[in-house]
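Here is the structure we will look at.
Just the heavy atoms: all of them, side chains too, but no hydrogens, waters or symmetry mates, feed the values below. Naming convention: chains lettered A, B, ... in sequence-line order (proteins, then strands); numbering from 1 in each chain.
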Amino acid sequence: MVERITGIPRDQFLKAADLFTSIRKGGDMKKAGTIIYAVGWTQHTFGTQIIRTAAILQLILGNVGRAGGGVNALRGHSNIQGATDMGGVFDIFPGYLKIPAPTDTDLATFLKRTTPTPSKPNMWDSYNYWSNTPKFMVSFLKSLYGDAARQENDFAFPYLPKIDRNYSWTEMWDYMYNGQVKGLFAFGMNGVMIGPNSRKNIDALKKADWLVVCELYPDETSEFWRAPGISKNDMAKINTTVYRLPGAGFAEKDGTFVNSARWLQWKYVALPPPGQAKVDQEILARIFLKVRELYRNEGGKFPDPILNLTWAYTTPENPSFAEVAKEINGRALADLTEPTQPGVTIKAGQQLPGFAWLRDDGTTACGNWLYSGSWTEAGAQMQRRGTEDPSGLGVYPNWAWSWPANRRVMYNRASCDPSGKPWDYERRQVWWNEAQQKWVGNDVPDFKVDSKPQDHMGPFIMNPEGVGRIFAPLAAFADGPFPEHYEPVESPIANPLHPNQSNNPVAKKYKSDLDRYGTPEEGFNIVCTTYRLTEHYHYWTKNNPMNVQLVPEPFVEVPAQLADEMGITGGEKVKVTSARGVYVAKAMVTKGIKPMMIDGKKTYQIGIPIHSGYRGIAEDEGRTSLDPANQLSPAAIDPNAYTPEFKGFLVKIERA
Amino acid sequence: MSDERTLQIQQISAHPGTVPGQGAQREVEVAKYIDVTTCIGCKACEVACVEWNDHPFRETTFDNTYQTMPTTEWNYYNLIKFVEHERDGNFMWLMRKDQCMHCADPGCLRACPADGAIVQYENGIVDFQQENCIGCGYCISGCPFDIPKFNPKTKKVFKCTLCSDRVGQGLEPACIKACPTGCLHFGTKSDMVALANTRAKQLREQSGFQNAGVYDPQSIGGTHVIYVLHDATQPELYGGLPSNPQIPPSYTGWKWLAKPAGLVMAALGLLAVFFHRVAVGPKLPQPEEPPPAEAQPDTIEAKRKEKP
Ligand code: SF4
Ligand code: SF4
Ligand code: SF4
């Protein structure tokens with residue numbers, strides 16, 4: 001069956017499976033295996049199911065919490081992890097706190113809904129660390145609203161926006177296309193290019209009233225009105241007002257990058273922004289101060305959240321990232337003592353040493369509980385550059401700072417057997433120290449530090465049940481408690497497991513006139529995938545002559561066998577058509593992509609790098625094709641992560 | 001290991017008389033070790049090389065390959081050669097970083113008739129001194145790796161310097177610094193050979209590449225750029241790396257011409273490490289047809305692609 005669905009020959013699949021599971025041969029618990037993935041696994045309408053499957057496999061093999069184990073995401077951007085940690089997603093606040101819904105009429109209701117209760121009785125005791133949600137949330141509100149967040153006004157909870165629907169990326173553009181979203185701020189995000197179905201995105205922008213783009217270069221979004229196919233006449237009819245703000249590049253600002261190992265690493269300014277360009281925080285601060293002034297002078301429907309926002313920076317129109325980072329770490333607002341740490345007092349105004357000190361009574365402020373401990377009274381932990389590795393495990397505890405609590409491997413309690421002894425003594429991470437009656441180790445234990453092994457507390461302290469989730473509780477995933485194989489929304493075959501429900505029943509497809517989905521019967525019989533090249537970084541390195549020199553033009557990678565059958569030679573132009581659009585570029589004929597036998601059918605795949613569009617050095621000189629690759633891809637999204645399906649859709653290919 | 005002392009000159013092209021300051025013996029030979037098996041073809045090293053050497057950006061054209069251009073150029077010293085390869089019916093990329101090999105016995109230097117246009121430092125780096133280059137192009141035909149390239153505007157020849165300016169200051173070459181995968185290493189020759197051997201052994205024993213090995217061709221006395229190849233028995237697969245590089249015989253005695261025999265004998269003692277590899281005695285060479293630069297349109301002019 002695996003062979004029928006994936007096209008991987010049976011013997012090769014078994015060989016890989018044997019190799020990966022061989023680490024536990026004969027009950028050996030010493031070795032660890034890791035799974036490292038990138039968007040090839042996530043950009044599907046069933047991406048979450050794939051990652052779930054990996055997590056289950058790792059749980060069953062005992063590869064979670066182990067040095068060298070885990071399920072690890074490789075990020076396509078230097079700070080994606082940081083963006084997510086800090087709430088750069090529509091449905092979470094910093095530290096993965098949930099965003100209130102309209103039904104959360106007060107703080108108590110919200111906290112009751114979002115604070116999990118431990119599942120008891122249970123074989124395993126549960127620490128249920130998320131039971132601290134009220135402390136994280138109130139401290140977050142205090143950091144936003146300071147003195148304006150008081151017990152009497154529910155710590156300013158009513159100021160927070162309530163999310164009434166899915167505002168994920170693809171949805172937003174759909175709303176804009178349908179005339180419901182009237183304006184867009186695009187900061188370092190080339191919306192036309194990055195989303196699926198570029199043609200729809202371009203048409204959506206035509207309908208918007210205004211668009212603000214903060215970028216290093218004019219890009220396909222800020223110049224959507226000159227997309228290929230828009231005539232002078234059409235152009236005159238576009239009424240969208242476009243504001244372009246000169247942003248600064250990564251080397252022109254300080255701050256942190258957070259990598260996928262969760263290290264906050266401080267970086268320094270290499271050179272000042274050129275010309276009129278400004279760092280992000282200055283641009284945002286100036287907009288905010290202007291908006292606040294307008295509210296102050298003219299009032300408005302609800303001025304309080306704007307007027308009361310804490311903005312106590314030394315230079316209000318350009319807050320330093322050092323100040324912002326300290327604010328995120330959090331500080332005491334009153335003198336604090338802690339029964340578990342007798343004799344220690346944190347004085348009002350001092351930086352907090354970590355999230356264990358957070359309070360739900362308004363005596364602490366913290367912008368992101370997970371980052372608490374990153375900038376303490378001892379200084380900026382994320383600026384540390386210690387290269388010592390006392391355990392030899394590659395922990396490097398003094399290099400930068402890793403959330404949470406400078407812990408390098410999460411769930412590291414699982415690196416020990418139930419009695420608290422390391423599975424692999426040679427590579428011991430943490431262990432129970434009987435004499436001290438606590439967990440100690442080469443890494444910061446991810447556990448209730450004084451919980452005796454015989455008390456049977458589960459190692460997965462963020463789950464209310466204390467154990468790993470092989471079978472997920474109801475409502476944790478939109479598409480069910482256990483992974484299932486689905487075909488992409490556009491697939492060359494019907495799902496061999498259940499042809500009547502071929503693809504994910506809860507994946508979202510869109511209904512606009514530009515959202516069309518193709519079938520093999522209509523002649524779309526080639527599988528297409530998109531990707532990036534190591535030579536380019538998304539859509540802005542095509543403005544850098546050096547990168548353009550490395551890869552001067554867009555191309556379509558075509559399997560050598562298919563090229564032979566069709567008589568296509570390398571360098572010749574080909575036309576790729578999907579149900580949504582046409583893409584023309586030169587063919588790169590490669591032996592690297594081979595035909596696959598999918599459910600008994602010989603199936604070809606082609607690949608298109610995403611970088612090229614209608615703005616860049618070569619594009620401006622008229623040297624290359626001007627089509628965005630995503631003109632081809634469908635707006636169809638995973639029901640949990642809302643990630644579009646870029647990694648498998650249908651096209652046809654012909655000589656141009 | 002790599003400081004100014006190592007930039008002590010050891011050999012000079014067509015130089016009558018002794019090499020100044022020659023003869024101090026120390027373990028100063030440097031080497032670059034390239035693990036071809038972990039290169040991802042990102043070309044960060046190409047960019048670093050162009051930027052460090054302050055070369056202009058070029059206009060390239062799509063040529064049905066990931067490779068930036070067909071060969072290295074006078075202002076593009078470092079090129080990843082991309083080869084699509086099939087092994088047991090499975091596809092694999094062979095990606096080899098091509099640049100000057102800094103041969104222990106450099107054919108370019110032997111071929112060069114201009115005093116001081118090519119020098120070899122004691123650390124093994126072979127460096128072109130353009131102010132002394134007469135543009136004759138002999139070095140081009142003397143090189144077994146097709147490395148030196150002619151600049152038609154200045155009529156001088158250029159190639160990778162192994163970043164002698166950086167190495168002289170105790171820094172690693174720019175390409176090494178830029179490499180994100182760690183497949184490039186720099187250090188003493190003996191350390192690099194040891195590292196390379198360990199890696200080759202690992203590939204043979206753990207990764208199923210029975211023919212993995214180190215490329216450090218002894219036919220030219222070894223090189224100061226060494227490779228680990230998945231298949232060291234077939235270096236040609238990797239974009240035409242010769243298994244047995246040879247300096248054209250016409251050049252193997254060339255430099256003796258310019259040197260009085262006595263000085264040659266004196267130098268012989270001091271430079272035994274290099275000269276023992278030269279099997280010929282001090283007789284006059286007969287370079288059959290040293291190629292004049294203008295007679296080389298295929299290898300020089302035709303490859304110009306930069307904007308005028
Ligand atoms: S590779 Fe060619 S140019 Fe480089 S040292 Fe050897 S002979 Fe000279
Ligand atoms: S050593 Fe220096 S000159 Fe040679 S390829 Fe590397 S960067 Fe270029
Ligand atoms: S920088 Fe390193 S990995 Fe990238 S192409 Fe060069 S040698 Fe290969």
message: For Lys602(A), is there an ion pair with Glu565(A) - N to carboxylate O distance below 4.0 angstrom?
response: yes

query: In terms of heavy-atom proximity below 4.5 Å to chain A, should Glu86(B) be classed as side chain, backbone, both, or neither?
result: side chain

is_close_aromatic(Tyr537(A), Phe250(A)), centroid dist under 6.0 Å: no

- request: Flag the pair His224(B) / His102(B) as yes when their ring centroid distance falls below 6.0 Å, and as no otherwise.
  value: no

query: Where does Leu533(A) contact chain B at under 4.5 Å (heavy atoms): side chain, backbone, both or neither?
result: side chain

message: Quick check on Val50(B) against chain A: is it the side chain, the backbone, both or neither that has a heavy atom closer than 4.5 Å?
response: side chain

- line: Whatever's closer than 4.5 Å to a heavy atom in chain B on Ala618(A) counts as neither

field: Which portion of Glu557(A) sits near chain B, non-hydrogen atoms under 4.5 angstrom
entry: side chain

message: Taking the ring centre of each residue, are His55(B) and Tyr77(B) less than 6.0 Å apart?
response: yes

field: Heavy-atom proximity to chain B below 4.5 Å, by part of Thr624(A)
entry: neither

message: Measuring centre to centre across the rings, with the benzene-like ring taken for any Trp, is Trp74(B) within less than 6.0 Å of Phe150(B)?
response: no

